[in-house]
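Since the structure is predicted, the reported quantities are computational estimates derived from the model, not experimental observations.
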Amino acid sequence: MKILLTGGTGFVGTALRREIKSEGHDVRLLVRTTSVEKVDPREGFEVLPGDVLDTHACLRAVDGIDVVVHLVGIRRERPNDGMTYEAMHTEATYSIVDAASRAGVPRVIFMSALGARPDAPSRYHTTKFEAEEIVRKSGMRWTIFRPSIIFGAGDEFHPLMAQLVHRNIVPVIDGGQSLFQPVALHNVVGPMARSVVMPETQGKVIEVGGPDRMKFIEIMYAIARHYGVWPNTFSLSSLVAKPLVKFAQGFPNFPLTYEELLMLLENNVCDNSEFLRLFGEKLETYPDKIPSLCPHIYELADVPAATNHA
């Protein structure tokens, strides 16, 4: 089959493009011109330079395609570069799905996010839900994946956590009691690649998290223990943290945005039963992965050291 993959040079996309190719499919990548160099020509992918917000580029990209796999999304906004949730989630999804629908592409697979819903506190999740609605109403045979926080070499979550545990004083907001269900990268991309030819996944919203539910503070201390540091923590109410972060997020090197804070304050867990029924995956336990992740993710020379745990 001929597969179009958007977002194929990012953290998930790089792994997914290789996984889809290993399943025996031809893969075309719609890639921004500034990211073309991230794809080695020796890998054998067809690379089409273009912007997912450009209608003409999308129409070229979907020509002759059997399945669209749409990954484009952002965790952190850069409004000065036009990288907003509304643009990169809602508008980008409409652009590629509309082009695919007009071209008669029969199938679309979309990666959303666990927590996507119309009444979510964060715009990240509300715009992901808007994108889901576009996919559901496309008239195509669709599958939507909603992964929890994905961990693996090159992820976005762990650099943030590494910065936090290496600060001398770390605020713990509302006790760090929010629950998370981190899921391994290979537990996401393998099933996504296989779903291309699985009719039983069509018309389904598939949530996936890891096997364990962990509190935010447990994740923070697990990473701290790996580095042999013990951050000095203090309790901070979200009522204080929200306006503080909203004000400070524009300062250089401030580690958190207001939208990221809203996401960290709510539980991000799911029921894996449907996912396990469909794919039979053995889900990787999160804490066991930390030692192999950390050495090649973090450059700590520029991160201030915290007090060592006695």
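Counting heavy atoms from C-beta outward, D212 and E218 have side chains that stay 4.5 Å or more apart. A heavy-atom distance below 4.5 Å is not found between the side chains of V197 and E23. Side-chain atoms of V31 and K38, non-hydrogen and from C-beta on, never get closer than 4.5 Å to each other. A 4.5 Å side-chain heavy-atom check between I217 and T233 finds every atom pair outside the cut-off. In this structure, the side chains of L179 and K215 come closer than 4.5 Å at one or more pairs of heavy atoms. Proximity of E130 to Y94: side-chain heavy atoms (C-beta onward) are nowhere separated by under 4.5 Å.
When the options E200, E281, E19 are evaluated for a salt bridge (charged side-chain N to carboxylate O under 4.0 Å, His left out) with R194, the one that passes is E281. When R141, M140, R136 are each tested for a side-chain contact (heavy atoms from CB on, under 4.5 Å) with V108, only one passes: M140.
Without hydrogens or angle criteria, H125 side chain to L114 main chain gives a donor-acceptor distance under 3.5 Å. Checked by atom type and distance alone, the side chain of N267 never pairs as donor or acceptor with a backbone atom of V269 at under 3.5 Å. Judged purely by atom type and a 3.5 angstrom limit, T127 uses its side chain to pair as donor or acceptor with the backbone of Y124. Not one N or O on the side chain of R18 forms a donor-acceptor pair closer than 3.5 Å with the backbone of L16. Judged by distance alone, the side chain of S195 and the main-chain N or O of M192 form a donor-acceptor pair under 3.5 Å.
If you check the side chains of R17 and T9, you find no donor sitting under 3.5 Å from an acceptor.
L261 and F180 fall within the same hydrophobic cluster, where Ile, Leu, Val, Met, Phe, Trp and Tyr residues are linked whenever their side-chain heavy atoms come under 4.5 Å apart, directly or through other members. Under the 4.5 Å side-chain heavy-atom criterion for grouping Ile, Leu, Val, Met, Phe, Trp and Tyr, V27 is connected to V189 within one hydrophobic cluster.
Ring planes of F275 and F279: tilted class, angle from 30 to 60°.
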Check the pair M263, R75 against side chain to side chain contact (heavy atoms under 4.5 Å, CB included), reporting the backbone distance first and the verdict last. CA-CA 10 Å; M263 288 186 273; R75 176 66 63 175; 3.3 Å; yes

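Ion pair E86/R123 flagged as a salt bridge, since at least one NZ, NE, NH1 or NH2 atom sits closer than 4.0 Å to an Asp/Glu carboxylate oxygen. Salt bridge present: E46 and K2 bring a charged side-chain N and a carboxylate O closer than 4.0 Å.
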